[in-house]
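What follows is one structure encoded as structure tokens, with my remarks underneath.
Here, residue 1 is the first one in the sequence, and each next residue gets the next number.
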Amino acid sequence: MGARSIEILPGVTITNDRCLLLEDGPTAIIGDLHLGYESALESEGMFIPRINTESVRDALNRIIDRYEPERIVLLGDIKHDFKRSSYQAREDVRNIIKLVDEAAEAIVIKGNHDNFLQNIVSSLGINTLDYIDIMGFRLEHGHVDSGIRPVIIGHEHPSVRIPGELSGAMKLQCYVHARNEGVIVIPPFSPFASGNDLNPGPNAVMAPALKACDVREAEVYGVSDMGLMKFGKLDDVSLLTL
């Protein structure tokens, strides 16, 4: 069995709820919600059940009840569509941020998908930010690297694929901790974010801060139904089988 949470640095805890906790507050950090995903597909003629927003809402309520955070940082890509969002997508964003704001201090960081986000949330009296510093950590989405370390980012949608001995494989979203370089990457919060499969090769990652790291030496923690799985270094993951 995996653990529900693991303290990876003093005062820094990762959880199987796809949120990272800083002890100051405490502060809960989640990223890559991609609200409005269903509406974006509908505009292309594809219709799927509206489960992304409901799943995000349920997961947020669990985090609020379980960890009682004083503040919640939404670490970018709150919305999915790069363009002006549909009415329903805008309402999805407002409703989720309102939920966060009523439970704790809501801090909204802009990601590369978050064009027009300020217009959407201005009626809630919330200002979007490019970053915030808490406990000496720079918190930013990750599509642009400020160069400040240590840093906590999203954007990457990291995952690992564990091959099976007979057939198939298990793909897990994961946390990545490049300890030597001071970079922590959190998994996406959206259930639709299938993940960018990490590997030790030269084109393994897309986030600039992680590209600057020796990703082979980064520590990887998988998120699973059994809890957090401590896989060791990324270089070792390729040796695992189910």
Side-chain angles (χ1 to χ4, degrees), residues 3-34 56 59-60 63-64 67 69-78 100 104-114 117 128-160 173-190 193 195-196 198 204-215 217-223 228 230-231 233-234:
R4 168 161 288 170
S5 63
I6 297 174
E7 188 175 39
I8 59 173
L9 289 170
V12 181
T13 300
I14 59 174
T15 77
N16 203 50
D17 296 296
R18 293 180 175 83
C19 87
L20 181 145
L21 299 173
L22 297 177
E23 67 178 358
D24 183 356
T27 299
I29 305 168
I30 65 173
D32 297 285
L33 283 69
H34 290 275
V56 167
L60 271 171
I63 287 168
I64 291 165
Y67 304 113
E70 179 181 291
R71 65 173 74 90
I72 298 175
V73 179
L74 305 181
L75 202 59
D77 282 3
I78 289 91
V100 171
E105 177 188 1
I107 298 173
V108 180
I109 307 297
K110 290 179 291 186
N112 54 302
H113 280 249
D114 292 326
L117 181 62
T128 59
L129 306 172
D130 292 323
Y131 65 87
I132 192 169
D133 296 324
I134 300 175
M135 274 180 57
F137 289 88
R138 170 61 52 92
L139 277 56
E140 57 193 16
H141 177 60
H143 60 300
V144 176
D145 182 12
S146 66
I148 304 297
R149 302 291 186 269
V151 65
I152 299 171
I153 64 171
H155 183 61
E156 183 70 36
H157 295 200
S159 66
V160 290
Q173 294 175 344
C174 64
Y175 295 86
V176 182
H177 184 196
R179 186 180 296 270
N180 293 336
E181 295 88 353
V183 176
I184 299 172
V185 188
I186 63 175
F189 206 62
S190 168
N196 173 37
L198 303 176
V205 296
M206 62 180 182
L210 198 55
K211 277 182 175 291
C213 301
D214 182 357
V215 71
E217 291 294 306
E219 299 162 17
V220 178
Y221 302 83
V223 177
L228 287 173
K230 189 173 182 178
F231 289 133
K233 296 178 180 178
L234 182 59

> Does Thr13 have any side chain to side chain donor-acceptor pair (under 3.5 Å) partners at least two apart in sequence or in another chain, and if so, which?
Replying inline: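 Applying side chain to side chain donor-acceptor pair (under 3.5 Å) to Thr13 gives none.
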> What residues, two or more places apart in sequence or in another chain, satisfy side chain to side chain donor-acceptor pair (under 3.5 Å) together with Asp17?
Replying inline: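 Checked Asp17 against side chain to side chain donor-acceptor pair (under 3.5 Å); matches are Arg66, Tyr67.
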If we only count heavy atoms from C-beta on, is the [X] to [Y] side-chain gap below 4.5 Å?
X	Y	value
Ile186	Arg18	no
Asp32	Ser190	no
Phe137	Val12	yes
Gln173	Pro188	yes
Ile109	Ile78	no

>> Evaluate Tyr221 against Val160 for side-chain contact (heavy atoms from CB on, under 4.5 Å), listing each step before the verdict.
In response: CA-CA 9 Å; Tyr221 302 83; Val160 290; over 6 Å; no
> Among all residues two or more places apart in sequence or in another chain, which pass the ring-ring contact (aromatic ring centres under 6.0 Å, His included) test with His141?
Replying inline: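 ring-ring contact (aromatic ring centres under 6.0 Å, His included) list for His141, sorted by chain: His143, His155.
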> Could you go step by step and tell me if Leu21 and Ile29 meet the side-chain contact (heavy atoms from CB on, under 4.5 Å) rule?
Replying inline: CA-CA 6 Å; Leu21 299 173; Ile29 305 168; over 6 Å; no
> Of all residues at least two apart in sequence or in a different chain, which pass the side chain to side chain contact (heavy atoms under 4.5 Å, CB included) check with Asp145?
Replying inline: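 Partners of Asp145 by the side chain to side chain contact (heavy atoms under 4.5 Å, CB included) criterion, ordered by chain and then number, come out as Glu140, Arg149, Pro208, Ala209.
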>> If the condition is side chain to side chain contact (heavy atoms under 4.5 Å, CB included), which residues does Ala104 pass it with, not counting sequence neighbours?
In response: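 With sequence neighbours excluded, Ala104 shows a side chain to side chain contact (heavy atoms under 4.5 Å, CB included) to Ile72, given in chain and number order.
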> How long is the gap from SG on Cys213 to CD on Glu181, to the nearest 0.5 Å?
Replying inline: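 The distance works out to 4.0 Å.
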> Could you give the distance from CD1 (Ile14) to CZ (Arg4), rounded to the nearest 0.5 Å?
Replying inline: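 Here the rounded value is 14.0 Å.
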Please list, chain by chain and in numerical order, all residues satisfying salt bridge (Lys or Arg N to Asp or Glu O under 4.0 Å) with [X], sequence neighbours excluded.
X	value
Glu217	Lys233
Arg138	Asp133
Arg179	Glu219
Glu105	Arg71

> With Phe189, which of Val56, Leu75, Asp77 fulfils side chain to side chain contact (heavy atoms under 4.5 Å, CB included)?
Replying inline: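 Of the listed options, the one satisfying the test is Val56.
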> Only one of Leu139, Val108, Ile107, Val73 forms a side chain to side chain contact (heavy atoms under 4.5 Å, CB included) with Leu129, so which one is it?
Replying inline: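 Between Leu129 and the candidates, side chain to side chain contact (heavy atoms under 4.5 Å, CB included) is satisfied uniquely by Ile107.
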>> Which heavy atom of Val223 sits nearest to which heavy atom of Tyr175, and what is that distance?
In response: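 Closest approach of Val223 to Tyr175, heavy atoms only: CG2-CE1, 3.8 Å.
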>> Go through it in stages, so that I can follow the logic: the residues are Val205 and Glu156, the test is side-chain contact (heavy atoms from CB on, under 4.5 Å), and I'd like the CA-CA distance, side-chain angles, deciding distance and then a yes or no.
In response: CA-CA 7 Å; Val205 296; Glu156 183 70 36; 3.6 Å; yes
>> Test side-chain contact (heavy atoms from CB on, under 4.5 Å) on Ile184 and Val151; report intermediate values, then the result.
In response: CA-CA 6 Å; Ile184 299 172; Val151 65; over 6 Å; no
